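A short write-up of the structure that comes next.
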Amino acid sequence: MAKVSYRAYASIKDYENDNSLSIASLSVSYPDLARHSLTMGHYLGHPVSLLGRLSYLCTIFASLERNRGRYRTRPFYSNAEPSFKTDISFKLGMLAARIVSEKVYKTSLLLHLTDPRLSISPHNASRPDYFAPENNMLIEAKGTVLNRVSLSKAKKAKRQLQTIGSVTYESNQPVFPKVRKVICSCFADSDCLTYCDIDPVETGDTDISFDINRATYLYYSDWIRLLSTHSTNIEKAKRETYCGITYTTFNLSPLLKVGIQERLFDLLSSESIQPEKSIEYRSVQNIVGEIKVKLADLPHTKDIRNESSISQGLDGLLVETSDSFAKKASEISYWLESLSFNFPE
């Protein structure tokens with residue numbers, strides 16, 4: 001487990017003057033990084049192969065090293081050619097948005113608004129990266145290898161957030177986002193990983209709309225596919241209980257296990273379901289609500305496993321791994337030797 005500095009700013013002006021509301025720290029483990037990394041990358045309806053998904057994960061661990069309880073850059077990232085640095089910074093920014101939304105704002109589903117599969121209307125409207133329906137929160141993610149995201153990038157993110165005035169996703173009644181955040185990944189505090197959380201305040205007048213049921217299915221579809229790539233995967237899948245929550249789990253390698261809360265897995269993987277028509281956001285939210293209650297009691301829950309090896313998401317997703325996993329994950333060749341099944345063509 002390591003600490004990531006967390007700084008909150010009330011406005012872009014306060015960010016410019018480095019006048020933070022608070023400076024705290026978030027506990028972020030290797031399994032947390034792995035879980036959120038595995039969730040990234042699905043776009044335009046094209047499934048991400050297992051090798052592709054692991055490449056996202058390995059890039060994160062090749063870029064960050066844990067040193068004295070903090071995350072710092074590895075030479076793979078800090079010495080990379082500028083375009084590669086930009087790509088890694090983009091990934092770390094998206095990762096920051098996911099981690100802060102879950103750990104600070106207790107959000108379970110973070111929907112990717114720039115994914116064309118959502119068929120957002122109007123289709124040409126400028127929009128931020130994410131929307132969290134539970135607390136009507138819009139997020140724009142940014143990242144840099146420097147000690148802070150540039151003011152020009154922060155202002156551009158502010159404009160993307162300002163464009164949206166309301167979001168319609170479940171009925172004919174639009175909701176007005178209560179929270180708008182620019183969340184940045186950078187390396188302040190002696191070159192240690194830092195998350196900046198900026199509130200741009202102002203709002204816009206554009207209403208965007210999308211199908212929340214379809215968005216909910218798409219959120220989980222890659223993990224369902226990950227556990228269902230081959231028929232043998234399901235045969236190898238297990239039902240295991242972690243801290244009072246039962247998951248359908250599968251070992252991707254000797255050091256990496258993934259899982260989905262069992263009721264979510266059964267709901268989302270049923271062969272009789274037509275995803276866009278049958279998955280209901282409210283049904284998923286009922287299950288997720290129960291998960292959030294149980295995870296809120298974690299400090300009082302005893303489990304035989306080392307808690308630092310487990311990452312349980314508020315969305316019902318699970319990763320179990322170990323410290324040695326992160327060291328090996330930065331060596332891509334390790335995966336080619338240790339995966340427990342063949343890659344799909």
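Quantities reported herein were computed from a predicted structural model and do not represent experimental measurements.
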Can you check whether Leu113 reaches Ile208 side chain to side chain, under 4.5 Å on heavy atoms?
-> yes
For Glu102, check salt bridge (Lys or Arg N to Asp or Glu O under 4.0 Å) against everything at least two apart and list the hits.
-> Arg35
Grab the two heavy atoms, one from Trp223 and one from Leu318, that are nearest each other, plus how far apart they are.
-> CZ3-O, 3.6 Å
Distance-only side-chain donor-acceptor flag, Ser27 / Lys3, under 3.5 Å | yes
Output the distance between atom CG (Asn251) and atom CD (Glu320), rounded to the nearest 0.5 Å.
-> 8.5 Å
Side-chain heavy-atom pair Tyr56, Thr39 within 4.5 angstrom cut-off = no
Residues two or more places apart in sequence or in another chain: which of them pass side chain to side chain donor-acceptor pair (under 3.5 Å) with Tyr77?
-> Ser89
What are the two closest heavy atoms between Ala10 and Asp14, and how far apart are they?
-> CB-OD2, 3.5 Å
Tell me whether Val104 is reachable from Val179 by hopping between hydrophobic residues (I, L, V, M, F, W, Y) whose side-chain heavy atoms are closer than 4.5 Å.
-> yes
Can you sort out the partners of Glu290 under side chain to side chain donor-acceptor pair (under 3.5 Å), two or more places apart, ordered by chain and number?
-> Arg263
List the atom pairs, with distances to 0.1 Å, where a side-chain N or O of residues 142-153 and a protein N or O form a donor-acceptor pair under 3.5 Å, not counting sequence neighbours.
unit_1, atom_1, unit_2, atom_2, d
Lys142, NZ, Glu140, OE2, 3.4
Thr144, OG1, Leu146, N, 3.1
Arg148, NH1, Tyr15, O, 3.3
Arg148, NH2, Tyr15, O, 2.7
Ser150, OG, Ser152, OG, 3.1
Ser150, OG, Lys153, N, 3.3

Option from Leu138, Ile139, Ile198 for which side chain to side chain contact (heavy atoms under 4.5 Å, CB included) with Val182 holds = Ile198
From Leu314, Leu110, Asp197, residue fulfilling side chain to side chain contact (heavy atoms under 4.5 Å, CB included) relative to Ser101 | Leu110
Excluding sequence neighbours, so at least two apart, what forms ring pair (Phe, Tyr, Trp, His ring centres under 6.0 Å) with Tyr130?
-> His112
Would you check if Phe76 and Ile88 make a side-chain contact, meaning some heavy-atom pair closer than 4.5 Å?
-> yes
Once you round to the nearest 0.5 Å, how far does CG of Leu295 lie from SG of Cys243?
-> 7.5 Å
Hey, what do you get for OH (Tyr195) to CD1 (Ile99), rounding to the nearest 0.5 Å?
-> 3.5 Å
Heavy-atom side-chain proximity of Leu111 to Ile212 below 4.5 angstrom | yes
Does any pair with a residue in residues 144-165 pass ring pair (Phe, Tyr, Trp, His ring centres under 6.0 Å), and if so which ones, sequence neighbours excluded?
-> none
Closest approach of Asp266 to Arg239 (non-hydrogen atoms, all atoms of both residues) | OD1-NH2, 2.8 Å
Separation between OH (Tyr220) and CG (Leu264), nearest 0.5 Å, reads 5.0 Å
Apply the test side-chain contact (heavy atoms from CB on, under 4.5 Å) to residues Leu193 and Phe187: give CA-CA distance (whole Å), side-chain angles for both, the deciding distance (0.1 Å), then the verdict.
-> CA-CA 5 Å; Leu193 182 62; Phe187 290 85; 3.8 Å; yes
Does the side chain of Leu38 reach to within under 4.5 Å of the side chain of Leu317, using non-hydrogen atoms?
-> no
For Pro177 and Ser166, which heavy atoms make the closest approach, and how far apart are they?
-> CD-CA, 3.9 Å
Distance, nearest 0.5 Å, that separates CD1 of Ile12 from NZ of Lys155 = 8.5 Å
For Arg74 and Leu64, the nearest pair of non-hydrogen atoms, with its separation, is NE-O, 2.8 Å
Asn135: what forms a side chain to side chain contact (heavy atoms under 4.5 Å, CB included) with it, not counting sequence neighbours?
-> Tyr105, Thr107, Ala132, Met137
Considering only heavy atoms from C-beta outward, does the side chain of Asn136 approach that of Tyr169 to under 4.5 Å?
-> yes
Sequence neighbours excluded, the answer for side chain to side chain donor-acceptor pair (under 3.5 Å) partners of Glu134 is Ser108, Lys292
Salt bridge (Lys or Arg N to Asp or Glu O under 4.0 Å) involving Asp315 - partner list, sequence neighbours excluded = none
Quick one: salt bridge (Lys or Arg N to Asp or Glu O under 4.0 Å) partners of Arg68, sequence neighbours excluded?
-> none
Roughly how far, to the nearest 0.5 Å, is the NZ atom of Lys85 from the CG atom of Leu92?
-> 13.0 Å
Judged by atom type as modelled, is there a donor-acceptor pair below 3.5 Å linking the side chain of Thr248 to the main-chain atoms of Glu262?
-> no
Please lay out, stage by stage, how Ser5 and Arg70 fare under the test side chain to side chain donor-acceptor pair (under 3.5 Å).
-> CA-CA 9 Å; Ser5 292; Arg70 303 292 297 276; 2.7 Å; yes
Are any side-chain N or O atoms of Glu280 and backbone N or O atoms of Arg282, one a donor and one an acceptor, separated by less than 3.5 Å?
-> no
Taking C-beta and beyond as the side chain, do Tyr6 and Lys103 meet within less than 4.5 Å on heavy atoms?
-> no
Excluding sequence neighbours, so at least two apart, what forms salt bridge (Lys or Arg N to Asp or Glu O under 4.0 Å) with Asp191?
-> none
Minimum heavy-atom distance Tyr247-Gly259, with the two atoms named = CD2-C, 4.3 Å
May I ask you to decide whether Asp32 forms a salt bridge with Arg66, counting only side-chain N to carboxylate O separations under 4.0 Å?
-> no
Is Ile291 close to Gln312 at the side-chain level, that is, under 4.5 Å between some pair of heavy atoms?
-> no
Just jot down the side chain to side chain donor-acceptor pair (under 3.5 Å) partners of Tyr71, sequence neighbours excluded, or say none.
-> none
Arg7 and Ser22: side-chain donor and acceptor closer than 3.5 Å?
-> no
